[in-house]
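Comments concern the structure below.
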Amino acid sequence: MAGRRAEQHPHGADRLCEAGDRVYSRAVRRGRVPRVEAEAVPCLLELALLHPDPDDMDWLVPTSPQEVMTRLLRGVYDEVSESQRRVGSAVAAFEWYAGLGRLRALAAPAGGSAVRVLDGLSRIQAAMDEATEACTTEVLTVQPGGIRREAELTEGLHRALALRGRGVRMRDLYTHVARHGQGLLNYLELMGDTVEARTLDEVIDRLILFDRTVAFIPANADRTMALELRHPALVEYLVTVFERLWRLAIPLTAPLPETGIEGISHREQSIAALLAEGHQDAVIAERLGISVRTCRAHIARLSETLGAASRTQLGVRIAQAGLDGSGRGLPAARDASR
């Protein structure tokens, strides 16, 4: 019987069923609910949204919404980090193979090779133009870094306009920092409904996919070389990564979620989590698409808000406030600094 009930609630805490939503909301408002009211929604106990009242086992008390929010954010962060790690490993492997004779075994003279090394910006641009002309349905892109420079946006504008003219849909992923770039906002306004954009704290390295049949990724650090991928398995893998990140991302037109801690912004929460993992300032800045100077300014504000006099003490305060992703709750910042 319990197994059949569980099968009727195949969801997580991020999307409760209607019955679960009603019972959990009632528990939050009242402080607790009778256990009998939760019998029809076993999902609330399985997801640890309700738990027995130690003073009366016939009643159930709710997990605080702040703690649930922390748990959800940590799950999103872990999923994004795992996707980034896997894509990073794949790109590193491609670079290694590219160094062994520029993939001569794979790069046949004909244009149908599964993996082709594009050496030089002119060859990269020519291949991108060719793929743009052949594209008929969809373009997916990941654009790392922070605020997009006007030169970057102008560089690919002719391709974007050509795609729009043929009714090709485009979906773009950026970091949250890109929201503050007027150039990007102007570009999206120009493109209208043709382009849909979303943002994340961190994204993978640059990726461009045309019609789910050809992909382009960087082949070196300064992006003067690229890999053109047409192997179905490789392209499908990159599409899966994109779709997973897309599902986790926030539409550019929607505001970023509140952190639940007074005085700490969404970006500072992300920085705190990366500090807790032991990353240096420069690494954090690169991953979030901001300058090192801006990163350190946020760290200084974190220290002030949490009442930390040193980096060591800041690490302790981050853990006390639940900003390290440990799932211990989100006490007010002023309590963490006592």
Side-chain angles (χ1 to χ4, degrees), residues 13-14 48 51 63-89 91-92 144-147 174-180 199-205 221 245 248-250 255-338:
D14 58 332
H51 51 87
T63 301
S64 71
Q66 291 83 3
E67 184 174 344
V68 175
M69 182 181 67
T70 302
R71 193 187 307 162
L72 290 174
L73 290 175
R74 182 58 182 176
V76 169
Y77 180 81
D78 289 344
E79 192 166 349
V80 172
S81 296
E82 176 60 18
S83 294
Q84 290 173 327
R85 186 194 65 78
R86 293 175 62 190
V87 173
S89 297
V91 171
I147 294 175
Y174 302 91
T175 61
H176 290 324
V177 179
R179 290 168 171 257
H180 305 292
T199 64
L200 285 164
D201 279 325
E202 303 175 57
V203 295
I204 58 176
D205 209 344
L245 293 176
L248 298 171
I250 300 171
L256 297 180
E258 297 292 334
T259 64
I261 304 180
E262 184 178 358
I264 294 181
S265 67
H266 186 91
R267 186 183 301 178
E268 286 161 359
Q269 183 180 44
S270 302
I271 290 173
L274 292 171
L275 283 172
E277 291 180 5
H279 296 294
Q280 299 297 317
D281 298 359
V283 174
I284 295 173
E286 181 181 2
R287 289 178 62 167
L288 297 184
I290 58 179
S291 68
V292 175
R293 181 178 179 181
T294 299
C295 178
R296 287 173 177 162
H298 281 296
I299 293 173
R301 281 195 290 271
L302 266 174
S303 298
E304 181 180 356
T305 303
L306 298 178
S310 66
R311 283 295 181 96
T312 301
Q313 191 176 31
L314 178 59
V316 175
R317 295 287 192 243
I318 287 172
Q320 290 174 340
L323 291 169
D324 61 344
S326 61
R328 297 174 183 171
L330 286 171
R334 60 179 177 274
D335 293 333
S337 62
R338 290 177 183 172

Nearest heavy-atom pair of [X] and [Y]: which atoms, and what distance?
X    : Y    : value
I299 : L275 : CG1-CD1, 4.0 Å
I271 : C295 : CD1-O, 4.3 Å
A48  : T63  : O-OG1, 2.6 Å
L200 : A249 : CD2-CA, 3.5 Å

Within the supplied structure, the quantity of interest is the number of heavy atoms (other residues, nucleotides, ligands) at a distance under 6.0 Å from E304 CD; does it exceed 12?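 Atom CD in E304 is not crowded, with 12 or fewer foreign heavy atoms closer than 6.0 Å.
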Check: Under 6.0 Å from the CD atom of Q280, do we count more than 12 heavy atoms belonging to anything else shown?
Finding: no
Value rounded to 0.5 Å, distance of [atom1] in [X] from [atom2] in [Y]:
X    : Y    : atom1 : atom2 : result
S291 : R296 : OG    : CZ    : 9.5 Å
E277 : I284 : CD    : CD1   : 9.0 Å
H176 : E202 : NE2   : CD    : 9.5 Å
I204 : L245 : CD1   : CG    : 5.5 Å
D281 : H298 : CG    : NE2   : 12.5 Å

Quick one: does I250's side chain get under 4.5 Å of R179's, heavy atoms only?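 With C-beta onward as the side chain, the pair touches.
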